[in-house]
Enquirer: 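Shown below is the structure under consideration.
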Amino acid sequence: MRAGANRTGEGILPAQAIDALTRAGGILPATPYASDQIQPASLDLRLGQRAYRVRTSFLPGGSRTVEACVERLSLHAIDLRPGAVLETGCVYIAELQETLALPPGLAASANPKSSTGRIDVFTRVITDRAEAFDQVAAGYTGPLYAEISPRTFPVLVRTGSRLSQIRFRSGQPRLGEAELAALHARTPLVNVAAPSLQGGVAVSVDLSGFDGLIGYRAKRHTGLVDVDAPGQHGIDAFWERLPSDGSASLILDPGQFYILASKESVQVPPDHAAEMVPFDPLVGEFRVHYAGFFDPGFGHAAAGGTGARAVLEVRSRDVPFLLEDGQIVGRLVYERMSEVPATLYGAGAGSNYQAQGLKLSKHFI
């Protein structure tokens, strides 16, 4: 058994296994990977040469290809090579540079990258004959596409832009409640002695304030966000700062987008990966966290992440909703890695949010 591998061999593939899968032909990139494209437990997906403005979102279902659906629903094609603006309120389907030829027994799931979710770009990966978004069936062979819909800011993208990431999974590595409790006893997953573990580790919102701020609310009618230009956009041109007023609460306005932070410090041990799952709408009229992957080493002291909060991307639904300090807003599910990644989150390139508190995406200064 290789060092760091679990006993069953099931689990989320680490970076070195993603590299091996690529060399074996399970992933077929149109061009060589960027140096930081393979993350500790996921692979960034790159936009290809073309996108299509479509009339509506869709799923192909069990018998159709994405290409056939696009031919029926496309309004016009867009060349991404020189760069293109994707407008708010519109739906686009983009070709991705990575094609899959997965072996039997290996499935995958996708999520927006953290920086994508934090600029309120709604994106989902679609496969041919898909009956669910962001899910790749075991043994799938075929192309990948991204559905992209900017919600708040118009964005500038181009061939090679990375909005989504994909994880590869063998078996059923998700931990149940008893396994979560045992793992938390060995390595605290949050800085709470006895967290709620039903359906995942509970995460609550911190509205007590970070240096006088409880969060940010996105402005409307702003300029472009270039998704490939970190540190090039002024915060005040895009965001309204929300000062702490002593109430430890926030009324979410319908249709508005907020960046908040968790009260708990989150830790992902090196031999596990985590994901923020959609929160139950029955307990509140809001959605939290488009971007759900937390890599091995996130918040882990050995990777320089002690005290890392989960940044919460919050959008209210149809009515105003009162959010209060300490209210549970999401849950983290943990999965076993098939082996420990060669490089943990925070120890290599592309780890922009290690040891974070309340933090906007890397695009803003």
Enquirer: For the pair Leu260 and Leu323, evaluate side chain to side chain contact (heavy atoms under 4.5 Å, CB included) and give the outcome as yes or no after the intermediate values.
Expert: CA-CA 11 Å; Leu260 307 174; Leu323 201 59; 3.7 Å; yes

Enquirer: Which side-chain N or O atoms in residues 200-220 pair as donor and acceptor under 3.5 Å with protein atoms at least two apart or in another chain?
Expert:
residue	atom	partner	partner atom	Å
Ser204	OG	Glu264	OE1	3.3
Ser204	OG	Glu264	OE2	2.7
Asp206	OD1	Ser208	N	2.9
Asp206	OD1	Ser208	OG	2.6
Asp206	OD2	Arg309	NH1	3.1
Arg217	NE	Glu240	OE1	3.1
Arg217	NH2	Glu240	OE1	3.1
Arg217	NH2	Glu240	OE2	3.0
Lys219	NZ	Asp236	O	2.6
Arg220	NE	Gln256	OE1	2.9
Arg220	NH2	Gly255	O	2.8
Arg220	NH2	Gln256	OE1	3.0

Enquirer: Are Asp36 and Arg162 close enough for a salt bridge, meaning some N to O gap below 4.0 Å?
Expert: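 Looking at Arg162 together with Asp36, the answer is yes, because their closest N to O distance falls below 4.0 Å.
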
Enquirer: Taking it one step at a time, do Thr152 and Thr88 satisfy side chain to side chain contact (heavy atoms under 4.5 Å, CB included)?
Expert: CA-CA 6 Å; Thr152 296; Thr88 59; 5.7 Å; no

Enquirer: Has the side chain of Ser161 got a donor or acceptor atom that lies under 3.5 Å from a matching backbone atom of Arg158?
Expert: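 Looks like yes, one N/O pair under 3.5 Å.
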
Enquirer: Could you walk me through whether Phe133 and Leu59 pass the side chain to side chain contact (heavy atoms under 4.5 Å, CB included) check?
Expert: CA-CA 7 Å; Phe133 293 107; Leu59 277 170; 3.7 Å; yes

Enquirer: With a 3.5 Å distance limit and no angle check, can you tell me whether Glu67 reaches the backbone of Asp128 through a side-chain donor-acceptor pair?
Expert: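 No, Glu67 side chain to Asp128 backbone: no donor-acceptor pair under 3.5 Å.
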
Enquirer: As an exercise, state the distance from NE2 of His233 to CD1 of Ile119, rounded to the nearest 0.5 Å.
Expert: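 The distance works out to 8.5 Å.
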
Enquirer: Is it true that Arg50 and Asp79 make a salt bridge, defined as a side-chain N closer than 4.0 Å to a carboxylate O?
Expert: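 Salt bridge: no.
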
Enquirer: Give me each pair satisfying ring-ring contact (aromatic ring centres under 6.0 Å, His included) with a member in residues 43-94, each pair once, sequence neighbours excluded.
Expert: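 Output for this query is empty, none listed.
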
Enquirer: What closest approach, in Å, do Phe238 and Val225 show between heavy atoms, and which atom pair accounts for it?
Expert: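 In this case the closest contact between Phe238 and Val225 is CE2-CG2, 3.6 Å.
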
Enquirer: Tell me, with the steps shown, if Glu147 and Ser57 meet side-chain hydrogen bond (donor to acceptor under 3.5 Å, both in side chains).
Expert: CA-CA 8 Å; Glu147 176 191 290; Ser57 176; 2.6 Å; yes

Enquirer: Can you see whether Arg46 engages Thr31 through a side-chain donor-acceptor pair at a distance of less than 3.5 angstrom?
Expert: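 The criterion, which ignores hydrogens and geometry beyond distance, is satisfied for Thr31 and Arg46.
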
Enquirer: Would the distance check show the side chain of Arg64 and the main-chain N or O of Cys69 forming a donor-acceptor pair, the cut-off being under 3.5 Å?
Expert: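 Pair absent, no side-chain N/O of Arg64 close to backbone of Cys69.
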
Enquirer: Nearest 0.5 Å, what's the CG-CG distance between Leu189 and Leu183?
Expert: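 Going from the CG atom of Leu189 to the CG atom of Leu183 covers 4.5 Å.
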
Enquirer: For Ala41 and Pro296, which heavy atoms make the closest approach, and how far apart are they?
Expert: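 Heavy atoms only, the tightest pair is CB-CD, 3.5 Å.
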
Enquirer: Measuring from Asp325:CG to Lys263:NZ, what's the distance to the nearest 0.5 Å?
Expert: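 The NZ atom of Lys263 is 3.5 Å from CG of Asp325, to the nearest 0.5 Å.
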
Enquirer: Classify the side-chain pair Glu275/Asn111 by whether it contains a donor and acceptor separated by less than 3.5 Å.
Expert: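 Looking only at side-chain atoms, Asn111 and Glu275 do form a donor-acceptor pair, the distance falling under 3.5 Å.
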
Enquirer: Quick check: closest heavy atoms across Val333 and Gly199, and the distance to 0.1 Å?
Expert: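 Heavy atoms of Val333 and Gly199 come nearest at CG1-O, 3.7 Å.
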
Enquirer: Determine whether a donor-acceptor pair (N or O, by modelled atom type, separation under 3.5 Å) exists between the side chain of Gln327 and the backbone of Glu324.
Expert: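 Yes; judged by distance alone, with no hydrogens or angles, the pair exists.
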
Enquirer: May I ask you to check if Arg167 and Phe293 form a cation-pi contact, with NZ or CZ under 6.0 angstrom from the six-membered ring centre and within 45° of the axis?
Expert: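 Satisfied, under 6.0 Å and within 45°.
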
Enquirer: Heavy atoms only: give me the nearest Thr123-Leu163 pair and the separation to one decimal.
Expert: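 Nearest pair, atom of Thr123 first, then Leu163: CG2-O, 3.9 Å.
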
Enquirer: Spell out, as yes or no, whether a donor-acceptor pair under 3.5 Å connects the side chain of Thr159 to the backbone of Gly48.
Expert: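 Such a contact is found between Thr159 side chain and Gly48 backbone.
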
Enquirer: Can you measure from CZ (Arg169) to CG (Leu13) and round to the nearest 0.5 angstrom?
Expert: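 Reported to 0.5 Å precision, the distance equals 9.5 Å.
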
Enquirer: Could you state the interatomic distance from CD (Gln16) to CG (Leu21), rounded to the nearest 0.5 Å?
Expert: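 If we round to the nearest 0.5 Å, Gln16:CD and Leu21:CG are 12.5 Å apart.
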
Enquirer: Side chain of Thr99, backbone of Pro143: donor and acceptor closer than 3.5 Å?
Expert: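 Checked: no pair found.
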
Enquirer: Do Val54 and Val125 land in one hydrophobic cluster if side-chain heavy atoms of ILVMFWY residues count as linked below 4.5 Å?
Expert: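 Val54 does not cluster with Val125.
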
Enquirer: Is the backbone of Val192 close enough, under 3.5 Å, to the side chain of His184 for a donor and an acceptor to pair up by distance?
Expert: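 Judged by distance alone, yes, a pair lies under 3.5 Å.
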
Enquirer: Locate the shortest heavy-atom distance separating Gln37 from Glu98; write the atom from each residue and the value.
Expert: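 Of all heavy-atom pairs spanning Gln37 and Glu98, the closest is NE2-OE2, 3.0 Å.
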
Enquirer: Please test Glu95 against Leu47 for side chain to side chain contact (heavy atoms under 4.5 Å, CB included), starting from the C-alpha separation and ending with a verdict.
Expert: CA-CA 6 Å; Glu95 300 170 345; Leu47 298 184; over 6 Å; no

Enquirer: Whether Glu179 and Arg174 form a salt bridge (side-chain N of Lys/Arg under 4.0 Å from carboxylate O of Asp/Glu) is what I want to check.
Expert: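 The answer is no: the pair does not qualify as a salt bridge.
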
Enquirer: From Leu312 CG over to Tyr258 OH, what is the distance, rounded to the nearest 0.5 angstrom?
Expert: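 So the gap between those two atoms works out to 14.0 Å.
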
Enquirer: Grouping I, L, V, M, F, W and Y whenever their side-chain heavy atoms are under 4.5 Å apart, do Ile93 and Leu45 come out in a common cluster?
Expert: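 Looking at the clustering, Leu45 is in a separate group from Ile93.
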
Enquirer: On a heavy-atom basis, which atom in Ser338 and which in Pro14 lie closest, and how many Å separate them?
Expert: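 Looking at all heavy atoms of both residues, the shortest contact is OG-CD, 3.3 Å.
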
Enquirer: Quick check against the 3.5 Å criterion: does Arg118 have a side-chain atom that pairs as donor or acceptor with the backbone of Lys359?
Expert: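 Side chain of Arg118 to backbone of Lys359, a donor-acceptor pair under 3.5 Å: yes, one is there.
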
Enquirer: Is a donor on one side and an acceptor on the other found under 3.5 Å between the side chain of Ser316 and the backbone of Val319?
Expert: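 Checking the backbone N and O of Val319 against the side chain of Ser316, a donor-acceptor pair under 3.5 Å is found.
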
Enquirer: Tell me if a side-chain donor or acceptor on Thr22 pairs with a main-chain N or O of Ile18 at a distance below 3.5 Å.
Expert: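 Judged by distance alone, yes, a pair lies under 3.5 Å.
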
